[in-house]
Undergrad: 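Mind having a look at this structure? Questions to follow.
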Amino acid sequence: MFATDRPHPIRLRRSLLSVPAINMRALDKSRGLDCDGVILDLEDSVAPDRKAEARDNLRAFFTQGLPEKRETVIRVNAADSPFFDADMAAVVALKPDAVLLPKVNEPEDVQTVADLLAEADVPDSLKIWAMMETPHGILNAAAIAKYGRTAGGRLECFVVGLNDLRKETGVLPDRQRTYLVPWLMQVVLAGRAYGIEIIDSVCNDFHDLDAYARECAQGRAMGFDGKMLIHPAQIAAANAGFGPTDQDLDEARMIVAAFADPAAAGLNVINSGGRMIERLHLEQAERVVMKAALINDRKGTEQ
């Protein structure tokens, strides 16, 4: 049973802001930000001797209620760390939209957490996201994605982590990500093959927003669904870079209207304004229209 049998609902994932769980002020501030989701980090941004404090912060944060129409994801520490069990106990108790697993290397890393959640009777609505940030993870991306789309797999999203990948491979940073592009595309291909959404890596420089916007444009061109962020200043560029443009929306509406015409009934290819449009483009167009509707719905909620 693969992605075509179990499609994920359409969600906005243009901008996913990573917020250190140790920083209560940042957690509170995240409620009013225009990001599509927050990744509440218990891992890299929290010192070992403050992990318990960070978990307590998350309990307080959830008690105060969560922003509507935004995803809430908890990034836990690695399964081989002394903090994993307590982190997962917090996930089971708090029930965010998803748990983000760091340094996923193989399908068994996802299966272990899926089994843990099932044994705790956690609803299937709590999904698993996987950080793709190790050489083994990139090499096994297709196998991990395939496992995640089987019954009980829960895997819904890949999040690329280039800082760790650079460290483990020795690839030097550059603005164009020249030598990383083949690996990035390998993750995109694996995700698309099995219906897993793919989030581009963070950009460490949040001062040069022009360069950041170019990186967002590159990520979108490569097929990513959105970007992981480290600073609120990056939200607007990610929303613009990964959201539908007016031109995208106009074309999508045209395609939907063309196939809604009774004359197109039963046709897989139609001629619209001198362009040949296949029915496979209809699904893509419907997704664009639905994402635009979700964006407008969010804006209406915030007014």
Side-chain angles (χ1 to χ4, degrees), residues 1-16 34-37 69-71 97 127 129 142 145-146 148-149 155-160 181 184-200 213-228 235-303:
M1 182 183 294
F2 296 130
T4 51
D5 303 307
R6 297 169 53 237
H8 289 308
I10 294 176
R11 304 292 293 265
L12 291 177
R13 292 185 175 130
R14 302 164 298 169
S15 52
L16 295 156
D34 191 30
C35 50
D36 292 333
K69 301 176 183 178
R70 291 176 177 81
E71 286 187 285
D97 294 302
K127 301 301 183 182
W129 293 14
K146 182 178 180 180
R149 300 303 290 135
L155 182 65
E156 190 169 68
C157 215
F158 281 155
V159 182
V160 176
V181 167
L184 292 169
M185 293 307 304
Q186 188 166 325
V187 177
V188 171
L189 189 63
R192 292 292 175 246
Y194 295 104
I196 305 297
E197 293 210 349
I198 319 102
I199 305 301
D200 197 3
R214 290 193 293 271
E215 188 167 299
C216 289
Q218 182 198 41
R220 180 177 182 180
M222 286 192 288
F224 284 97
D225 295 291
K227 199 160 182 66
M228 186 177 177
I235 294 172
N239 284 347
F242 290 96
T245 65
D246 291 342
Q247 181 179 349
D248 293 335
L249 187 54
D250 287 344
E251 181 171 345
R253 286 171 173 161
M254 179 274 291
I255 293 172
V256 171
F259 275 101
D261 189 323
L267 298 178
N268 283 333
V269 182
I270 61 174
N271 182 337
S272 178
R275 282 182 55 196
M276 300 305 293
I277 303 174
E278 298 182 52
R279 189 166 289 275
L280 64 88
H281 297 129
L282 176 60
E283 181 181 350
Q284 297 170 339
E286 288 173 338
R287 289 182 65 85
V288 170
V289 172
M290 290 182 69
K291 283 193 174 184
L294 289 173
I295 293 168
N296 288 334
D297 185 44
R298 271 261 306 274
K299 290 179 179 177
T301 299
E302 292 160 4
Q303 289 175 352

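Note that the structure is a prediction, hence the values are computed from the model and not measured. Here, residue 1 is the first one in the sequence, and each next residue gets the next number.
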Undergrad: So which heavy atom on Ala252 is nearest to which on Val289, and how close?
TA: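 Result for this residue pair: CB-CG2, 3.9 Å.
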
Undergrad: Measure the spacing between CD1 of Ile196 and CD of Glu156 and express it to the nearest 0.5 Å.
TA: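 So the CD1 of Ile196 and the CD of Glu156 are separated by 8.0 Å.
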
Undergrad: Heavy atoms, side chains only, cut-off 4.5 Å: are Arg70 and Asp34 in contact?
TA: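 Side-chain contact under 4.5 Å: yes.
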
Undergrad: A side-chain contact here means heavy atoms from C-beta on lying under 4.5 Å apart; do Met276 and Asn271 qualify?
TA: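 In contact.
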
Undergrad: Under the side chain to side chain contact (heavy atoms under 4.5 Å, CB included) rule, what do Val269 and Ile277 come out as? Steps first, then yes or no, please.
TA: CA-CA 6 Å; Val269 182; Ile277 303 174; over 6 Å; no

Undergrad: To the nearest 0.5 Å, tell me how far Asp250 CG sits from Ile255 CD1.
TA: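 The CG atom of Asp250 sits 11.5 Å away from the CD1 atom of Ile255.
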
Undergrad: Is any NZ, NE, NH1 or NH2 atom of the basic residue among Arg11 and Glu197 found under 4.0 Å from an Asp or Glu carboxylate oxygen of the other?
TA: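 Glu197 and Arg11: not salt-bridged.
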
Undergrad: I'd like to know if Asp248 pairs up with Arg220 as an ion pair, taking the criterion as any Lys NZ or Arg NE/NH1/NH2 lying under 4.0 Å from an Asp or Glu carboxylate oxygen.
TA: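 Salt bridge: yes.
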
Undergrad: Report the distance from atom CZ of Phe224 to atom CE of Met185, rounding to the nearest 0.5 Å.
TA: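 It is 7.5 Å, given to the nearest 0.5 Å.
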
Undergrad: Rounded to the nearest 0.5 Å, what's the gap from OG on Ser15 to CZ on Phe242? Could you check?
TA: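 The OG atom of Ser15 sits 10.0 Å away from the CZ atom of Phe242.
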
Undergrad: Under a 4.5 Å cut-off applied to non-hydrogen side-chain atoms, are Glu278 and His281 in contact?
TA: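 Yes, side chains in contact.
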
Undergrad: If I take atom CZ from residue Arg279 and atom CD1 from residue Ile270, how far apart are they, to the nearest 0.5 angstrom?
TA: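 Rounded to the nearest 0.5 Å, the CZ-CD1 separation comes to 7.5 Å.
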
Undergrad: Work out which heavy atom in Lys227 is nearest to a heavy atom in Asp200; give both atom names and the distance.
TA: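 So the two residues come closest at NZ-OD2, 3.2 Å.
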
Undergrad: On a heavy-atom basis, which atom in Leu155 and which in Gly148 lie closest, and how many Å separate them?
TA: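 Minimum heavy-atom contact is CB-CA, 3.5 Å.
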
Undergrad: Any side-chain heavy atom of Ile199 within less than 4.5 Å of one from Val160?
TA: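 No, every pair of side-chain atoms sits at 4.5 Å or beyond.
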
Undergrad: Check this for me, if you would: do Asp36 and Arg14 make a salt bridge, where the nitrogen-to-carboxylate-oxygen distance has to be below 4.0 angstrom?
TA: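 Yes, this pair counts.
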
Undergrad: May I ask you to test the Lys291-Leu12 pair for a side-chain heavy-atom distance under 4.5 Å?
TA: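 Yes, their side chains come closer than 4.5 Å.
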
Undergrad: Going by heavy atoms in the side chains, are Trp129 and Glu71 under 4.5 Å from each other?
TA: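 With C-beta onward as the side chain, the pair touches.
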
Undergrad: So with a 6.0 Å cut-off around CE of Met290, is the heavy-atom count from everything else above 12?
TA: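 Open.
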
Undergrad: For residues Ile198 and Arg192, determine if any side-chain heavy atom of one lies less than 4.5 Å from a side-chain heavy atom of the other.
TA: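 Result yes, sub-4.5 Å side-chain heavy-atom pair found.
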
Undergrad: Please find the pair of heavy atoms, one from Ala145 and one from Ala190, that lie closest to each other, and give the distance.
TA: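 That would be CB-O, 3.6 Å.
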
Undergrad: Shortest non-hydrogen contact from Val187 to Phe158?
TA: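 Reported closest heavy-atom pair: CG1-CD1, 3.7 Å.
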
Undergrad: Distance check, rounded to the nearest 0.5 Å: Leu16 atom CG versus Cys157 atom SG?
TA: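 Atom-to-atom, Leu16:CG and Cys157:SG are 7.0 Å apart.
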
Undergrad: Find out whether Pro244 and Ile295 are in side-chain contact, i.e. whether some heavy atom of one side chain is under 4.5 Å from a heavy atom of the other.
TA: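 With C-beta onward as the side chain, the pair touches.
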
